[in-house]
Amino acid sequence: MRSGALVRTVEWEALFAEGRLRTLARAVANRAATALATFSHTTAAALHGIPVYRDRGDRVHLIVPGEHTRKDSRDVVRHHYALAESEVVVLAGLRATGLDRTVYDVIRTTPMAAAVVCFDAALRAVAWDEDSRTYDRELAERFRASILERIRRGTGARGIRQARFVTEFADGRAQLPGESVTRLWMYQLGIPRPELQYRVDLAGGRYALLDFAWPHLGRWQEFDGESKYTDPDILAGRTAEQVLQEQQVREREVIRATGWSVTRHGFAQMVTFDAFAAYLRSIHLP
C-alpha cells in the first residue's frame, strides 16, 4: 500500500471503500509525523462505520494541528486547522473526529449523493433500533440540530449551501446507500415524496417495512442491493436463494394486505442519473 505497509492483493481487492480506508488509515497511523494527527472527513466516516459512497478508498484525510508546510501525498490529504480535543474520539485505537464533526465535514466536501448517504447513515446509527425496528425521531432531530449549529457557525465556509440542504433532507430510515441515492434522485426528478420504511401489518401479528411507499398512488418501490444476497450478517446463515424466496413470499403477502402494485430496482438501473430517470418513466412513476 505504501512504504512499510503490505496487504494481500486478493484481500485488498475484496474490500469496499470503507474497508480500504480503515486499512490505509492503520498503515498511515503507524508512520504519522505527529501523535496528534486526527483522521477526518470520509476516513473518519469509515472508522465510524458510515458508508462512503463512490470513493476509491485510496486516500485518507488527516487534520494536522499547527502550521505545516508539508503538502498532500499520494495517499494522504492533510488539513491544517484547529481541532478541539472535545471533537476527537478514539476508534479502534485511532484518533478520529467525532460523528457530528465528521458528518459536517463530509456533507460540505463530497458530491451531493455521497453527502446524503453519509448523513442518512449517521442518523440511522444514532436513531434506529434494529431490535424493535423503530426510529427515534427525538434522537434524530437532536443530532440534526447539532449539525445545523455547526452550519450556523460556519457561514461562508466551503460547501455550506449544500450542507444546509443535506441537513434538512437527510432521513435515517434509509437502510442502504442505494436507498439514500434513490430518494435524492427521486426528489431531483420531481417524484412525489415517498413514505420510508412504511409499515404494513400482515397476518399473525407480523408486519413488513416497505422501502418507498406512495399510499395515495397504491404502489411501493423496493431497492434490491447486492448486500442482501451476499452480506453474511444479512444472510444470517441463509443462502441467497432462500432470501429471494422469502422476499417473494413477503411481497405476495403485502399485495394481499394492501392491493398495491410493486416495482423493484437496484444499482443496475442507477448507473447514471439519466438512466434512472428513464427507468422511472418506464414504470410510469409520475
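Sequence positions, counted from 1, serve as the residue numbers for this chain.
The backbone N or O of D171 sits less than 3.5 Å from a side-chain atom of D120, completing a donor-acceptor pair. Of the possible donor and acceptor atoms, one in the side chain of W214 sits under 3.5 Å from a partner among the backbone N and O of P192. Looking at D211, its side chain does come within 3.5 Å of a backbone N or O of F223 through a donor-acceptor pair.
A salt bridge links R152 with E149: at least one charged nitrogen is closer than 4.0 Å to a carboxylate oxygen. Classification of E13 and R20 as a salt-bridged pair fails, no side-chain N sitting under 4.0 Å from a carboxylate O. A salt bridge is absent between R256 and E251: the closest approach of a Lys/Arg side-chain nitrogen to an acidic carboxylate oxygen does not fall below 4.0 angstrom. A salt bridge links R2 with D75; the closest basic N to acidic carboxylate O contact falls under 4.0 Å. Using a cutoff of 4.0 Å between basic side-chain nitrogens and carboxylate oxygens, D105 and R101 are scored as salt-bridged. Between D201 and R199, at least one side-chain nitrogen of the basic residue sits less than 4.0 Å from a carboxylate oxygen of the acidic one, meeting the salt-bridge criterion. Here E168 does not pair with R144 in a salt bridge; the nearest charged N to carboxylate O distance is not below 4.0 Å.
Smallest separation of non-hydrogen atoms from D58 and D55: N-OD1, 4.4 Å. Shortest non-hydrogen contact noted between L47 and R22 is CD2-CG, 3.8 Å. For the residue pair Y207 and S132, the shortest heavy atom distance occurs at OH-O, 3.8 Å. Of all heavy-atom pairs spanning T42 and H61, the tightest one is OG1-CD2, 3.6 Å. The two residues D100 and S146 come nearest to each other via the heavy atoms CB-OG, 3.8 Å. When all heavy atoms of R250 and A208 are compared, the pair lying nearest together is NE-CB, 3.7 Å.
The shortest distance between side-chain heavy atoms of L285 and R219 falls below 4.5 Å. Counting heavy atoms from C-beta outward, V89 and L91 have side chains that approach closer than 4.5 Å. When side chains are defined from C-beta on, Y135 counts as touching L123, because their heavy atoms get closer than 4.5 Å. Here the side chains of R252 and Q248 are in contact, with some heavy-atom distance below 4.5 Å. Considering only heavy atoms from C-beta on, S40 comes within 4.5 Å of H79 through its side chain. Under the 4.5 Å side-chain criterion, counting only non-hydrogen atoms from C-beta, F39 is not in contact with I63. With a 4.5 Å cut-off on side-chain heavy atoms, V77 and V60 do not count as touching. Between T258 and P215, the closest side-chain pair of non-hydrogen atoms is not below 4.5 Å.
Seen from the ring of Y104, R108 counts as a face-on cation partner, given the 6.0 Å and 45° thresholds.
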What do the steps show when you test L196 against L210 for side chain to side chain contact (heavy atoms under 4.5 Å, CB included), and what is the final call? CA-CA 7 Å; L196 303 184; L210 311 183; over 6 Å; no
Would you sort out whether S180 and Q175 count as a side chain to side chain contact (heavy atoms under 4.5 Å, CB included), showing the intermediate values? CA-CA 8 Å; S180 296; Q175 185 177 11; over 6 Å; no
Before giving the answer on side chain to side chain contact (heavy atoms under 4.5 Å, CB included), spell out for D274 and Y279 the whole-Å C-alpha distance, their side-chain angles and the decisive distance to 0.1 Å. CA-CA 9 Å; D274 289 340; Y279 164 74; over 6 Å; no
Should L202 and V254 be marked as a side chain to side chain contact (heavy atoms under 4.5 Å, CB included) after you check the CA-CA gap, both sets of side-chain angles, and the distance that decides it? CA-CA 7 Å; L202 306 175; V254 172; 4.3 Å; yes
Kindly determine whether Y198 and W260 satisfy ring-ring contact (aromatic ring centres under 6.0 Å, His included), including the steps that lead there. CA-CA 13 Å; Y198 185 86; W260 298 351; 5.6 Å; yes
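Considering CD of E179 and CZ of R183, their distance stands at 9.5 Å, rounded to 0.5 Å. In this structure, CZ on F276 lies 9.0 Å from CZ on F273, to the nearest 0.5 angstrom. Between the NE2 atom of H265 and the CG atom of D224 there is a distance of 8.5 Å, given to the nearest 0.5 Å. Considering CG of L21 and CZ of R59, their distance stands at 12.0 Å, rounded to 0.5 Å. To the nearest 0.5 angstrom, Q162 atom CD is 10.5 Å from I160 atom CD1. Note: I147 CD1 to T167 OG1 = 6.5 Å, rounded to the nearest 0.5 Å.
With 3.5 Å as the limit, one finds no donor-acceptor pair spanning the side chains of T97 and E87. Between the side chains of H41 and T102, no donor N or O sits under 3.5 Å from an acceptor N or O.
Environment of CZ in R206: crowded, with over 12 heavy atoms of neighbouring residues, nucleotides or ligands closer than 6.0 Å. With a 6.0 Å radius and a threshold of 12 heavy atoms from other residues, nucleotides or ligands, F165 has its CZ atom above the threshold. More than 12 heavy-atom neighbours from other residues, nucleotides or ligands sit within 6.0 angstrom of CZ on R153. Counting heavy-atom neighbours within 6.0 Å of Y187 OH, excluding the residue itself, gives a total of 12 or less. Other residues, nucleotides and ligands contribute only 12 or fewer heavy atoms inside 6.0 Å of the CD atom of E138.
By the criterion of side-chain heavy atoms lying less than 4.5 angstrom apart, applied directly or through intervening Ile, Leu, Val, Met, Phe, Trp or Tyr residues, F212 is not grouped with W220; the two fall into different hydrophobic clusters. Cluster membership for I191 and I283, using ILVMFWY side-chain heavy atoms within less than 4.5 angstrom, is shared. Residue I50 is grouped with residue M112 when hydrophobic side chains (ILVMFWY) are merged at heavy-atom distances under 4.5 angstrom, including chains of intermediate members. Tracing side-chain contacts under 4.5 Å through hydrophobic residues (I, L, V, M, F, W, Y), one never reaches V106 starting from L94; they form parts of separate clusters. Residues F267 and V116 share a single hydrophobic cluster, defined by chaining ILVMFWY side chains whose heavy atoms lie under 4.5 Å apart.
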